[in-house]
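Computation of the quantities below employed the complete heavy-atom set of this structure, encompassing side-chain atoms and omitting hydrogens, waters and symmetry-equivalent molecules. Just so you know, these numbers come straight off a predicted model, no measurement behind them.
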Amino acid sequence: QVQLVESGGGLVQAGGSLRLSCAASGRTFSSYAMGWFRQAPGKEREFVAANSRSGGSTYYADSVKGRFTISKDNAKNTVYLQMISLRPEDTAVYYCAADRYATAMLYPHGYEYWGQGTQVTVSS
């Protein structure tokens, strides 16, 4: 069982930056692939970024490449999402997710565990 708690969301102006954190419980954090997804009102949950179990491989949605960076600190049981050059279209609830098998890292159904979400609002 893994419990995930996100933090770091907030209100920021366009062009600004935020860093989201996701703290995970459990002693086997390094065995899990981690992902970030987001969901805007009236839209489906969409993939943002993912990090392999070792942290050595990363994946990004085209819409965030070059602006967002995912990183995994196995010693701290935490995964981060550094976001720069934020745009109003980045406004959404951001969710952290974890999965032990990492068979479908780009899709919501590929993750077993989810956090409660943190709101990111980017004003124009």
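The side-chain hydrogen bond (donor to acceptor under 3.5 Å, both in side chains) test applied to Q119 returns T121, not counting sequence neighbours. Residues passing the ring pair (Phe, Tyr, Trp, His ring centres under 6.0 Å) test with Y80, sequence neighbours excluded: none. Applying the side-chain hydrogen bond (donor to acceptor under 3.5 Å, both in side chains) test to Q39 and every residue at least two apart in sequence or in another chain returns R45.
Taking both residues in full, the closest heavy atoms of I70 and W36 are given as CD1-CD1, 3.6 Å, listed atom of the first, atom of the second, then distance. Pairing each heavy atom of S31 with each of R53, the nearest pair is O-CD, 2.8 Å. The two residues V79 and C96 come nearest to each other via the heavy atoms CG1-SG, 3.8 Å. Heavy-atom minimum distance, A14 versus S124: CB-CA, 4.4 Å.
A salt bridge links R38 to E46: at least one charged side-chain nitrogen sits closer than 4.0 Å to a carboxylate oxygen. Ion pair D62/K65 flagged as a salt bridge, since at least one NZ, NE, NH1 or NH2 atom sits closer than 4.0 Å to an Asp/Glu carboxylate oxygen.
Ring geometry for Y94 against F68 counts as tilted: the plane angle lies between 30° and 60°, on a 0 to 90° scale. Using bins of under 30°, 30° to 60° and over 60° for the plane-to-plane angle, the ring pair Y107/H109 lands in the parallel bin.
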>> Y113 vs R100, test: side chain to side chain contact (heavy atoms under 4.5 Å, CB included). Steps then yes/no.
In response: CA-CA 9 Å; Y113 302 103; R100 187 163 187 173; over 6 Å; no
> Does the side chain to side chain contact (heavy atoms under 4.5 Å, CB included) test come out yes or no for N74 and K72, once each step is laid out?
Replying inline: CA-CA 6 Å; N74 287 329; K72 189 170 181 263; 2.8 Å; yes
> side chain to side chain contact (heavy atoms under 4.5 Å, CB included) between Q13 and V122: does it pass, once the steps are laid out?
Replying inline: CA-CA 5 Å; Q13 289 188 332; V122 184; over 6 Å; no
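Atom-to-atom distance recorded for D73:CG and N51:CG is 11.0 Å, nearest 0.5 angstrom. Note that CG of L18 is 4.5 Å distant from CE of M83, once rounded to the nearest 0.5 Å. Once rounded to the nearest 0.5 Å, the distance linking OH of Y95 with CD of Q116 reads 9.0 Å.
Taking 4.5 Å as the limit, every side-chain heavy atom of T91 sits out of range of all side-chain heavy atoms of E89. Contact of the L4 side chain with the W114 side chain is not registered, since no non-hydrogen atoms from C-beta on lie closer than 4.5 Å. A 4.5 Å side-chain heavy-atom check between L81 and T69 finds every atom pair outside the cut-off. Between M105 and Y59 the shortest side-chain heavy-atom distance falls below 4.5 Å.
Using a 4.5 Å cut-off between side-chain heavy atoms of Ile, Leu, Val, Met, Phe, Trp and Tyr, with links allowed through other members, M34 and V64 fall into the same hydrophobic cluster. Note on L20: it does not cluster hydrophobically with F37, by side-chain heavy-atom contacts below 4.5 Å among ILVMFWY residues.
Formation of a donor-acceptor pair under 3.5 Å by the N77 side chain with backbone atoms of A23 is not found in this model. In this structure, the side chain of T118 does not engage the main chain of S7 through any donor-acceptor pair within 3.5 Å. Here the side chain of S63 pairs no donor or acceptor atom with the backbone of A61 at under 3.5 angstrom. The main-chain N or O of S85 is found under 3.5 Å from a side-chain atom of R67 such that the two form a donor-acceptor pair. Using a distance-only test at 3.5 Å, with no hydrogens or angles considered, no donor-acceptor pair links the side chain of S17 to the main chain of I84.
Aromatic rings from F47 and Y60 are positioned such that their centres are separated by 6.0 Å or more.
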